[in-house]
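Fair warning: this is a prediction, and the values are worked out from it, not measured in the lab. Counting convention: from 1, in listed order, for ligands and their atoms alike. Any value given below was found using the heavy atoms of this structure, including those in side chains, with hydrogens, waters and symmetry copies removed.
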Amino acid sequence: MNRYREFHRRSIEAPDEFWRDEAARIHWHTPFDTVLDRSNPPFARWFVGGRTNLCHNAIDRHLAQRAQQDALIYVSTEIGIERRYTYAEMHAEVNRMAAVMRSLGVARGERVLIYLPMIPEAAFAMLACARLGAIHSVVFGGFAAPNLAARIDDAKPALIVTADAGARGGKVIDYAPLIDEALSRAAHKTPHVLLIDRQLTPEKLNAPYLIDYEPLREQFFDAHVPCEWLESNEPSYVLYTSGTTGRPKGVQRDVGGYAVALATSMEYIFEGRPGDTMFTASDIGWVVGHSYIIYAPLIAGLTTVMYEGMPIRPDGGIWWRLVEQHRINLMFTAPTALRVLKKQDPALMKQADLSSLRTLFLAGEPLDEPTATWAAQSLGKPVVDNYWQTETGWPILAIQRGVEALPPKPGSPGVPVYGYDVTLRDEITGEPCAPGEKGVLTLAYPLPPGCMSTVWGDDARFVSTYWAKSGTNGGTNSASNGESGELVYSTFDWGVQDDNGYVTILGRTDDVINIAGHRLGTREIEEALSGHHAVAEVAVVGVTDALKGQVALAFTVLRDADRYASGDARAALEADLAATVDRQLGAIARPARVHVVAMLPKTRSGKLLRRAIAALAEGRDPGDLPTIEDPAALQQIRDALRVAQMR
Ligand code: ATP
Ligand code: MG
């Protein structure tokens, strides 16, 4: 552990030195004069005075050495196409897009809202913004009109880039009605809407405000648009959090710090080398997509694979065949996708030649042990969990294999990443927890490079939402008891750290349940249940109870539901599941009831909608759900609750 310990210690004790060295990984048009400006906490400014550009670092800088290497491989199993763009071709496309945007009046500092499916033009549009110094705000293509309208009003874009349609599970999703409704709902009037016409919809979009991209692309075919050299702390983009825990926050990111942090992560965490191929199966609408489909792999000179489609269409072997076909070296996805793949025929994985693959990375949700073990054993490759948030832009906890290949610890994403001063703190007192004690995962000021600079347009919200002096509930509520403590950032996640520094995430702070005075993370109960052979997936929520304060309710998806179809078999299973929790966590944690459902409500990024489940269980309206994988899952919960009530 010594190499890692020393590396991490240096990053925290001597951040100026540490990050000055790391900053050499990217191109600076003008060198910075100060590594870290901490004159205005909780704000931190990295590489002050340095001028650089994300697009230059992602594309232009590689032209000398890898113009003919693929930068982007695009695969859509939805519409059955595959396209490749070398760094030279990518450079040309990004210049065309930048020239078109410029002709529509987009300039440095202005926002461009990108509402696109997973198509190469989405990458071009993001990089074109970066080139111009415009601030992109990518809105996940699955968001409904009211969510889109709210983001338009917050970002106030000069331009929206959209497409005629998305495609999902073989169905074409018309964007026109969504865009129409969002524009009419939004108070902000966006001057232009640029349309990428994929020709997926028979009816031509003909709203008067739409501008067709293709003729403009032709017009600017040979354009060259110089990169704007931005001061390191100018905004590069605004990305709204998924809204799992409330009103989305516009996370604002800088330029220089982000580029440096991503470049380091490619070596120390992902072990990606120039010329490697990386397949991040996520969406450009999420932070994983921003960082690990677009910016990090390109900054590090890799080939990135962009995939439109599902993991199980045309069948559950598609991702493994992509690995074989494109000699993919690194894969990155969410545990939820893996759980889906686990249910597929194992032969599908065996049939593909996976010899190129070195590591599978996972993030976004807790990685349960059975899934991790299954993946590591069937792939025969390391499966590496990493924990972070939209706010941080890159991992907070991980095994940093490029620093030292520490042994993985089941159920834990690993140890604090260099640059992050992680402390678990008591929620009430804000005091640091002893090893083994549960608490809120906090980060000391300053956050490392690459993390959010502020909430877009709302510095006060940034300060009040995330920061507190220790001794004030670790930032989880605003009660204050003095100014003497350390300034800490709250992740709003609950966890526990062991003697060796490994942290296990126990759930979000608002997923913590209080049963008769005992505090438990929903994750702990979920983990106990998911270890049971009958359980494929599980969600645990806390609901109010007159006697105990709160009780836990479990909702499970079974591996083989038919086996437990009879009332007796079901009752025996429920008892057995309850006993499993008793054994592992004690009777206090035993769920008041274990419900069996066919599916669980999740966001389109695969996160369990525990708040919605809890609301239904307490007879409340689940409220506005910006993205839901399948609304029928809510009905499943309602039905299960109703049946239980009748019994
Ligand atoms: P909002 O903040 O709007 O509620 P969100 O938190 O779901 O949305 P993201 O920033 O995409 O949006 O998700 C980050 C959260 O996902 C983390 O704070 C944590 O709760 C969870 N998470 C991410 N990676 C992991 C992981 N490896 N293990 C456990 N939990 C994880
Ligand atoms: Mg969050």
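Geometrically, ligand 1 and Gly364 share a nitrogen or oxygen pair separated by less than 3.5 Å. Checked by distance only, ligand 1 and Gln389 come closer than 3.5 Å through their nitrogen or oxygen atoms. Taking only nitrogen or oxygen atoms, main chain and side chain alike, Asp385 reaches within less than 3.5 Å of ligand 1.
In this structure, Tyr292 has its ring center no closer than 6.0 Å to that of Phe361. Less than 6.0 angstrom separates the ring centroid of Phe279 from the ring centroid of Trp319.
Only the backbone of Asn386 comes within 4.0 Å of ligand 1, counting heavy atoms alone; no side-chain atom from C-beta on gets that close. With a heavy-atom cut-off of 4.0 Å, Glu365 touches ligand 1 through its backbone alone.
Annotation for ligand 1: atoms under 4.0 Å from non-hydrogen atoms of Asp493 are 17 (C), 18 (O), 19 (C), 20 (O). Ligand 1 places these atoms under 4.0 Å from at least one heavy atom of Arg508: 4 (O), 5 (P), 6 (O), 7 (O), 15 (C), 16 (O), 20 (O).
Of the charged side-chain nitrogens involved, none lies within less than 4.0 Å of a carboxylate oxygen, so that Arg45 and Glu234 do not count as a salt-bridged pair. With respect to the salt-bridge test (charged N to carboxylate O, under 4.0 angstrom), the residues Glu524 and Lys438 qualify. The existence of a salt bridge linking Arg523 and Asp368 is excluded, since no basic side-chain nitrogen approaches an acidic carboxylate oxygen closer than 4.0 Å. A salt bridge is defined here as a Lys NZ or Arg NE, NH1 or NH2 lying under 4.0 Å from an Asp or Glu carboxylate O, and Arg425 with Glu486 meets this definition.
Residue Lys249 places a heavy atom less than 4.0 Å from ligand 1. Not a single heavy atom of Val287 sits under 4.0 Å from any atom of ligand 1. Ligand 1 is approached by Trp388 to a heavy-atom distance shorter than 4.0 Å.
The heavy atom nearest to atom 31 (C) of ligand 1, considering only Phe492, Tyr387, Trp494, Phe361, is found in Tyr387. Nearest to atom 30 (N) of ligand 1 by heavy atom, out of Gly414, Gly495, Pro366, is Pro366.
In this structure, Arg508 is not positioned above the aromatic face of Phe492 in the sense of NZ or CZ being under 6.0 Å from the six-membered ring centre and within 45° of the axis. Cation-pi check for Arg151 over Phe143 is met; the charged atom lies under 6.0 angstrom from the ring centroid and within 45 degrees of its normal.
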